[in-house]
Novice: 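Shown below is the structure under consideration.
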Amino acid sequence: MAATSDSEKRAKVSRILTFSCVDGPGNRLVIFLQGCNFSCVNCHNPHTINHCNHCGICVEHCPDGALTRSIEGKVFWNEALCSNCDKCIDICSYQSNPKGWNYSVPELVEIIRDSHLFLQGITISGGEATLELPFITELFKAIKADKELSHLTCFVDSNGSLPDTGWDRILPYLDGAMIDLKAWQTETHEWLAGRGNHRVIKSINYLAAQNKLYEVRLLLIPGKTDLTDEVSAVGDYLNRLPSSVAIRINAFQHHGVSGEALFWDTCTKEDVENFRVKLTGILGRNIITPPTLSLD
């Protein structure tokens, strides 16, 4: 691991996938950061929303003794003892995770270097990646300046809440962004995510104008999101984006969700196909659908 100093920027990393083919173009290393400014009812990674508040409830429930509390009351995770049973995540009422790593930029660069010959790029996800904007900007800048890593494309998977001034800071090092459009009507988006979608749509428009928008993802939840009812308006809006922007349908399933969303109807293959046909009729081009055939 590269040497670091206390003055270096660090970020809480929830998970790292060394190989992924669904988080941007080609084979990618994906870094999931902890923390999100949305509180989506349907979130399939709710343990990434908040940073640990060190309440300590998870410590007494850890079957491996991998969690302890310091004299100061901070929860400490011993990775060597952890069996990844996720009991701590299951019992956390704060939508957080006591596990994870506080990485510096040089440390992540070395992790990326270990796999760089097999990668086409890096994607930063979350939680919400742009909450750590100075960190990811510095990371992307370091990748672009590194002779071994400069071939890697740098992508962000975002909820679109970053203002234009924030995007401006990372644009010189950003190759593409994937933005979620969870609902069309502001009221529906507020109910689902805890915030309206005005800034989301602004981000989509701004990134498209800067030729940095790679993909728009549409969340389909039967009877909950309004994209099906508003398909004409959604299609007309998407038609104004460059044809190079990929449009993907994300189908709601119960995997990872908690609370009331566990009782919602899941998205079937028929739901996806009906929406795809309607949207394709407006856009006149291919819509990416979930690759799995096990939707039920």
Novice: Kindly compute the distance separating CD1 (Ile204) from CG (Leu241), expressed to the nearest 0.5 Å.
Specialist: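 Interatomic distance, Ile204 CD1 to Leu241 CG, rounded to 0.5 Å: 7.0 Å.
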Novice: Quick one: are the ring centres of Trp167 and Tyr206 less than 6.0 Å apart?
Specialist: no
Novice: For the side chain of His51 and the backbone of Ser96, is there at least one donor-acceptor N/O pair under 3.5 Å apart?
Specialist: no
Novice: Find out whether Phe38 and Cys43 are in side-chain contact, i.e. whether some heavy atom of one side chain is under 4.5 Å from a heavy atom of the other.
Specialist: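 Counting from C-beta outward, Phe38 and Cys43 never come under 4.5 Å.
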Novice: According to a 4.5 Å side-chain heavy-atom criterion applied to Ile, Leu, Val, Met, Phe, Trp and Tyr, with indirect links allowed, do Ile288 and Leu181 form part of one hydrophobic cluster?
Specialist: no
Novice: Are the side chains of Arg10 and Ser104 in touch, meaning some heavy atoms are under 4.5 Å apart?
Specialist: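 Heavy-atom side-chain distance check passes, below 4.5 Å.
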Novice: If you round to the nearest 0.5 Å, how far is CD1 of Ile249 from CG of Leu218?
Specialist: 6.5 Å
Novice: Would you say the side-chain atoms of Gln34 pair up with the backbone N or O of Gly126, donor to acceptor, closer than 3.5 Å?
Specialist: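 Pair absent, no side-chain N/O of Gln34 close to backbone of Gly126.
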Novice: Does any part of the side chain of Lys182, heavy atoms only, come nearer than 4.5 Å to the side chain of Ile221, both counted from C-beta?
Specialist: no
Novice: Is there side-chain contact between Asp180 and Leu219, with at least one heavy-atom pair below 4.5 Å?
Specialist: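 They are not in contact (no side-chain heavy atoms under 4.5 Å apart), so the answer is no.
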Novice: Over all heavy atoms of both residues, which pair between Leu279 and Gly235 is shortest? Give the atoms and the distance, please.
Specialist: CD1-CA, 3.7 Å
Novice: Using side chain to side chain contact (heavy atoms under 4.5 Å, CB included), reason through Phe252 and Val257 one step at a time and then give a plain yes or no.
Specialist: CA-CA 10 Å; Phe252 171 72; Val257 304; 4.0 Å; yes
Novice: With a 4.0 Å cut-off on N to O distance, would you call Lys9 and Glu132 a salt bridge?
Specialist: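 Glu132 and Lys9: not salt-bridged.
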Novice: With heavy-atom distances below 4.5 Å as the criterion, would you say the side chains of Leu149 and Ile122 are in contact?
Specialist: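 No, side chains not in contact.
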Novice: Would you mind reporting whether Ser203 and Ser158 have side-chain heavy atoms less than 4.5 Å apart?
Specialist: no
Novice: For residues Ile91 and Cys58, report the shortest heavy-atom separation together with the two atoms involved.
Specialist: CD1-CA, 3.5 Å
Novice: Taking atom NE2 of His44 as the centre, report whether more than 12 heavy atoms of other residues, nucleotides or ligands fall under 6.0 Å from it.
Specialist: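 At most 12 heavy atoms, drawn from other residues, nucleotides or ligands, come within 6.0 Å of this atom.
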Novice: Is His254 reaching over with its side chain to a backbone N or O of Trp264, donor-acceptor style, under 3.5 angstrom?
Specialist: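 Yes.
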Novice: Could you give me the CA-CA distance, side-chain angles and deciding distance for Arg28 and Thr123, then say whether side-chain hydrogen bond (donor to acceptor under 3.5 Å, both in side chains) is met?
Specialist: CA-CA 7 Å; Arg28 312 188 69 78; Thr123 297; 2.7 Å; yes
Novice: Would Tyr237 and Asn205 count as having a side-chain donor-acceptor pair, cut-off 3.5 Å?
Specialist: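 A pair is found: one side chain offers a donor N or O, the other an acceptor, under 3.5 Å apart.
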Novice: So, Thr268 and Glu270: side-chain donor and acceptor under 3.5 Å apart, yes or no?
Specialist: no
Novice: Hey, any chance Ile136 and Met178 share a hydrophobic cluster, counting ILVMFWY side chains that come within less than 4.5 Å of each other, even indirectly?
Specialist: no
Novice: Taking atom NZ as the centre, does Lys12 end up with more than 12 heavy-atom neighbours from other residues, nucleotides or ligands that are less than 6.0 angstrom away?
Specialist: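 Atom NZ in Lys12 is crowded, with more than 12 foreign heavy atoms closer than 6.0 Å.
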Novice: Kindly say whether Tyr94 contributes a backbone atom to a donor-acceptor pair with the side chain of Asn50 at under 3.5 angstrom?
Specialist: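 It does hold such a pair.
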Novice: Would you give the length of the straight line joining atom OG1 of Thr228 to atom CH2 of Trp184, rounded to the nearest 0.5 angstrom?
Specialist: 14.0 Å
Novice: Would you kindly confirm whether Ile89 and Val41 end up in one hydrophobic cluster when ILVMFWY residues are joined by side chain heavy atoms under 4.5 Å apart?
Specialist: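 As far as the 4.5 Å side-chain criterion goes, Val41 and Ile89 are not connected within one cluster.
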Novice: Indicate if Val277 and Val234 have the same hydrophobic cluster label, given that clusters are the connected sets of ILVMFWY residues with side-chain heavy-atom separations under 4.5 angstrom.
Specialist: no
Novice: Taking all non-hydrogen atoms of both residues, which atom of Ser14 and which atom of Trp101 are closest, and how far apart?
Specialist: O-CZ3, 3.6 Å
Novice: Just by modelled atom types, is the Gly127 backbone N or O under 3.5 Å from a matching donor or acceptor in the Asn45 side chain?
Specialist: no
Novice: Is it the case that over 12 heavy atoms from other parts of the model lie below 6.0 angstrom from the CZ atom of Arg15?
Specialist: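 Not buried by this count: 12 neighbours or fewer within 6.0 Å.
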Novice: So, do Lys144 and Cys154 sit near enough that their side-chain heavy atoms are less than 4.5 Å apart?
Specialist: yes
Novice: Counting only heavy atoms not in Lys141, do more than 12 sit closer than 6.0 Å to its NZ atom?
Specialist: no
Novice: Any chance you could lay out the side chain to side chain contact (heavy atoms under 4.5 Å, CB included) test for Leu207 and Leu171, step after step, and finish with the verdict?
Specialist: CA-CA 9 Å; Leu207 290 166; Leu171 280 179; 4.2 Å; yes
Novice: Please report the closest heavy-atom contact between Leu213 and Val216, naming both atoms and the distance.
Specialist: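 Distance-wise, the nearest heavy atoms are CD2-CG2, 3.9 Å.
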Novice: How many angstroms lie between atom CD1 of Ile287 and atom CG of Leu238, to the nearest 0.5 angstrom?
Specialist: 7.5 Å
Novice: Can you confirm whether His198 is buried at NE2, in the sense that more than 12 heavy atoms of other residues, nucleotides or ligands lie under 6.0 Å from that atom?
Specialist: no
Novice: Looking only at side-chain N and O atoms, does Asn78 offer a donor or acceptor that is under 3.5 Å from a partner on Asp64?
Specialist: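 Per modelled atom types, Asp64 and Asn78 side chains form no pair under 3.5 Å.
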Novice: Within the distance-only criterion (no hydrogens, no angle test), does the side chain of Asn27 pair as donor or acceptor with the backbone N or O of Gln120 below 3.5 angstrom?
Specialist: no
Novice: Salt bridge (Lys or Arg N to Asp or Glu O under 4.0 Å) between Asp265 and Lys224: does it pass, once the steps are laid out?
Specialist: CA-CA 9 Å; Asp265 291 336; Lys224 301 297 180 182; over 6 Å; no
Novice: Can you give me the closest heavy-atom contact between Asn102 and Glu107, atom names plus distance?
Specialist: O-OE1, 3.8 Å
Novice: What do the steps show when you test His116 against His151 for side chain to side chain contact (heavy atoms under 4.5 Å, CB included), and what is the final call?
Specialist: CA-CA 9 Å; His116 79 281; His151 70 283; 4.0 Å; yes
Novice: Any chance NZ of Lys278 has more than 12 other-residue heavy atoms, nucleotides or ligands included, within less than 6.0 Å?
Specialist: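 Not buried by this count: 12 neighbours or fewer within 6.0 Å.
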Novice: Before you tell me yes or no, could you show the steps for Asp146 and Ile112 under side chain to side chain contact (heavy atoms under 4.5 Å, CB included), namely the whole-Å CA-CA distance, both residues' side-chain angles and the distance that decides it to 0.1 Å?
Specialist: CA-CA 11 Å; Asp146 191 297; Ile112 294 167; over 6 Å; no
Novice: Is there side-chain contact between Leu227 and Phe275, with heavy atoms separated by less than 4.5 Å?
Specialist: yes
Novice: Group every Ile, Leu, Val, Met, Phe, Trp and Tyr by side-chain heavy-atom contacts under 4.5 Å, then state whether Val105 and Ile124 land in the same group.
Specialist: yes
Novice: Can you tell me how far the CD1 atom of Ile170 sits from the CG atom of Leu162, to the nearest 0.5 Å?
Specialist: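 With rounding to 0.5 Å, CD1 (Ile170) is 8.0 Å from CG (Leu162).
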Novice: Verify, without hydrogens or angle tests, whether Asn37 (side chain) and Leu131 (backbone) share a donor-acceptor contact under 3.5 angstrom.
Specialist: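 Side chain of Asn37 to backbone of Leu131, a donor-acceptor pair under 3.5 Å: no, none is there.
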Novice: Between Glu128 and Asn159 (side chain of the first, backbone of the second, donor and acceptor by atom type, cut-off under 3.5 Å), is there such a pair?
Specialist: yes
Novice: Which value, rounded to the nearest 0.5 Å, describes the distance between Ile111 atom CD1 and Ile16 atom CD1?
Specialist: 4.0 Å
